[in-house]
Amino acid sequence: MMTPVFLLLLLLSVLPVPSDTEEVITGQPVSVKNGTSDTSEIIAKANENITNFLIYGDIKPNSKRNADPCTATGCKWPKSGSYVYVPVVISSDFTEEESNTIIGGLVSFHQSTCIRFVWMTNHVDFLYFFPGTGCWSYLGRQEGGQVISLQKNGCVYINTVQHEVLHALGFHHEHARSDRDSYVNVNLQNVQPGYESNFDKVQTNNLGTPYDFQSVMHYPNNAFSQNGQPTITAKSDPNLVLGGAAQMSSNDIARVNRLYQC
């Protein structure tokens with residue numbers, strides 16, 4: 001089986017001669033396929049047999065970075081003028097429908113943020129979407145081409161694309177934010193053994209935005225439950241349904257705009 005690194009090298013060897021202009025990706029923003037259940041449930045199902053290299057359920061760790069918030073250590077994508085251009089390559093192994101869904105997820109950022117996804121030409125840093133095993137991405141911009149895995153038959157949806165792209169832009173899960181203990185209880189006694197670290201807190205920059213129970217980055221109530229009992233409950237209302245987002249919330253959008261000064 002070809003590794004993601006080999007796939008990237010192979011891809012670079014067959015790319016056409018780059019142009020000097022940024023070709024902004026266009027397409028339908030929200031009319032293509034949406035996930036029919038919670039984003040995190042979709043991702044957890046796709047990743048249920050992956051246990052040895054993912055953290056927080058769908059983030060591939062970078063051993064070269066320490067535990068500091070990545071946005072404080074250079075993982076933001078650079079801004080040029082009014083926009084943040086993020087180069088993209090989509091594997092030809094996706095079907096036309098799957099590619100259109102990925103494009104739809106990318107274009108949804110164009111509607112309300114200054115992020116602009118462009119086709120990769122001579123860029124050094126870029127995102128490469130490929131149909132790997134599971135649904136995962138890196139946290140923030142990495143050096144060189146970086147992969148985002150969207151498994152076929154169960155992981156290519158608007159909300160999962162948005163979720164993994166938000167990771168690539170530098171955003172963590174909502175339940176992991178630094179002030180989460182003021183809003184939710186994490187019931188570790190109900191968590192599957194070996195998955196407790198998925199609920200660790202991170203010293204996040206919350207950008208002055210409120211905790212958002214309906215963020216596309218929030219786990220559902222029973223994420224990684226070993227007994228069907230809730231692993232996360234809202235302090236204000238233990239019966240409140242968490243997660244379930246079909247697409248980015250207004251707070252998700254606000255954080256992108258504040259981090260990248262849109």
Side-chain angles (χ1 to χ4, degrees), residues 22-43 46 58-59 71 76-80 82-91 94-120 126-131 135-141 146-152 154-174 207 209 212-220 243-262:
E22 302 282 10
E23 184 183 354
V24 177
I25 295 174
T26 59
Q28 296 297 320
V30 292
S31 62
V32 287
K33 198 170 185 181
N34 280 281
T36 56
S37 59
D38 177 85
T39 308
S40 296
E41 290 180 353
I42 296 170
I43 294 171
D58 69 329
I59 297 175
T71 53
K76 288 172 58 179
W77 292 81
K79 195 173 185 181
S80 177
S82 300
Y83 298 106
V84 177
Y85 294 105
V86 180
V88 167
V89 177
I90 298 175
S91 171
F94 287 113
T95 65
E96 182 178 359
E97 180 185 15
E98 290 166 339
S99 294
N100 287 338
T101 299
I102 295 170
I103 290 171
L106 298 177
V107 173
S108 67
F109 285 82
H110 297 187
Q111 292 180 297
S112 51
T113 78
C114 62
I115 305 298
R116 293 295 182 271
F117 293 98
V118 299
W119 294 117
M120 184 270 192
F126 58 94
L127 301 179
Y128 174 47
F129 291 87
F130 80 111
C135 227
W136 50 264
S137 58
Y138 287 90
L139 186 66
R141 178 179 58 83
Q146 67 191 76
V147 294
I148 292 182
S149 174
L150 295 173
Q151 180 175 302
K152 284 175 169 285
C155 201
V156 187
Y157 301 107
I158 288 284
N159 50 357
T160 52
V161 172
Q162 290 175 338
H163 184 102
E164 298 305 338
V165 166
L166 282 169
H167 280 324
L169 291 175
F171 294 95
H172 223 295
H173 292 115
E174 187 75 356
L207 299 161
T209 61
D212 186 1
F213 297 112
Q214 302 305 315
S215 166
V216 77
M217 304 302 283
H218 204 298
Y219 275 8
Q247 57 187 6
M248 290 186 292
S249 70
S250 59
N251 286 313
D252 292 326
I253 293 168
R255 289 175 195 130
V256 173
N257 287 333
R258 293 185 186 185
L259 179 62
Y260 286 94
Q261 299 179 337
C262 295

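Each residue takes its place number in the sequence, starting with 1.
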Practice prompt. Kindly compute the distance separating NZ (Lys76) from CG (Leu169), expressed to the nearest 0.5 Å.
Written response: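 It is 11.0 Å, given to the nearest 0.5 Å.
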
Practice prompt. Could you please spell out the steps behind the side-chain contact (heavy atoms from CB on, under 4.5 Å) verdict for Phe171 and Arg255?
Written response: CA-CA 9 Å; Phe171 294 95; Arg255 289 175 195 130; 3.6 Å; yes

Discussion item. Within the 4.5 Å heavy-atom criterion, are Phe130 and Ile90 side-chain neighbours or not?
Written reply: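 No, side chains not in contact.
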
Fill in: Distance flag, aromatic centroids of His163 and His173, threshold under 6.0 Å
yes

Worksheet item: Taking the six-membered ring for Trp, is the centroid-to-centroid distance between His167 and Tyr138 below 6.0 Å?
Response: no

Worksheet entry | Parallel, tilted or perpendicular: ring planes of Phe117 versus His110, cut at 30 and 60 degrees | parallel

Worksheet item: Considering residues at least two apart in sequence or located in another chain, which fulfil the salt bridge (charged side-chain N to carboxylate O under 4.0 Å, His left out) criterion with Lys152?
Response: Glu98

Response to the item:
The salt bridge (charged side-chain N to carboxylate O under 4.0 Å, His left out) partners of Glu164 (sequence neighbours excluded) come to none

Practice prompt. Would you check if there is a donor-acceptor pair between the side chains of Asn251 and Thr209 at a distance under 3.5 Å?
Written response: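 The criterion, which ignores hydrogens and geometry beyond distance, is not satisfied for Asn251 and Thr209.
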
Discussion item. Would you say Gln247 and Ser108 are linked by a side-chain donor-acceptor pair, where the criterion is simply a distance under 3.5 Å?
Written reply: no

Worksheet item: Excluding sequence neighbours, so at least two apart, what forms ring pair (Phe, Tyr, Trp, His ring centres under 6.0 Å) with Phe213?
Response: Tyr211

Discussion item. Are more than 12 heavy atoms, taken from residues, nucleotides or ligands other than Phe94, located less than 6.0 Å from that residue's CZ atom?
Written reply: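 Above 12, so yes.
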
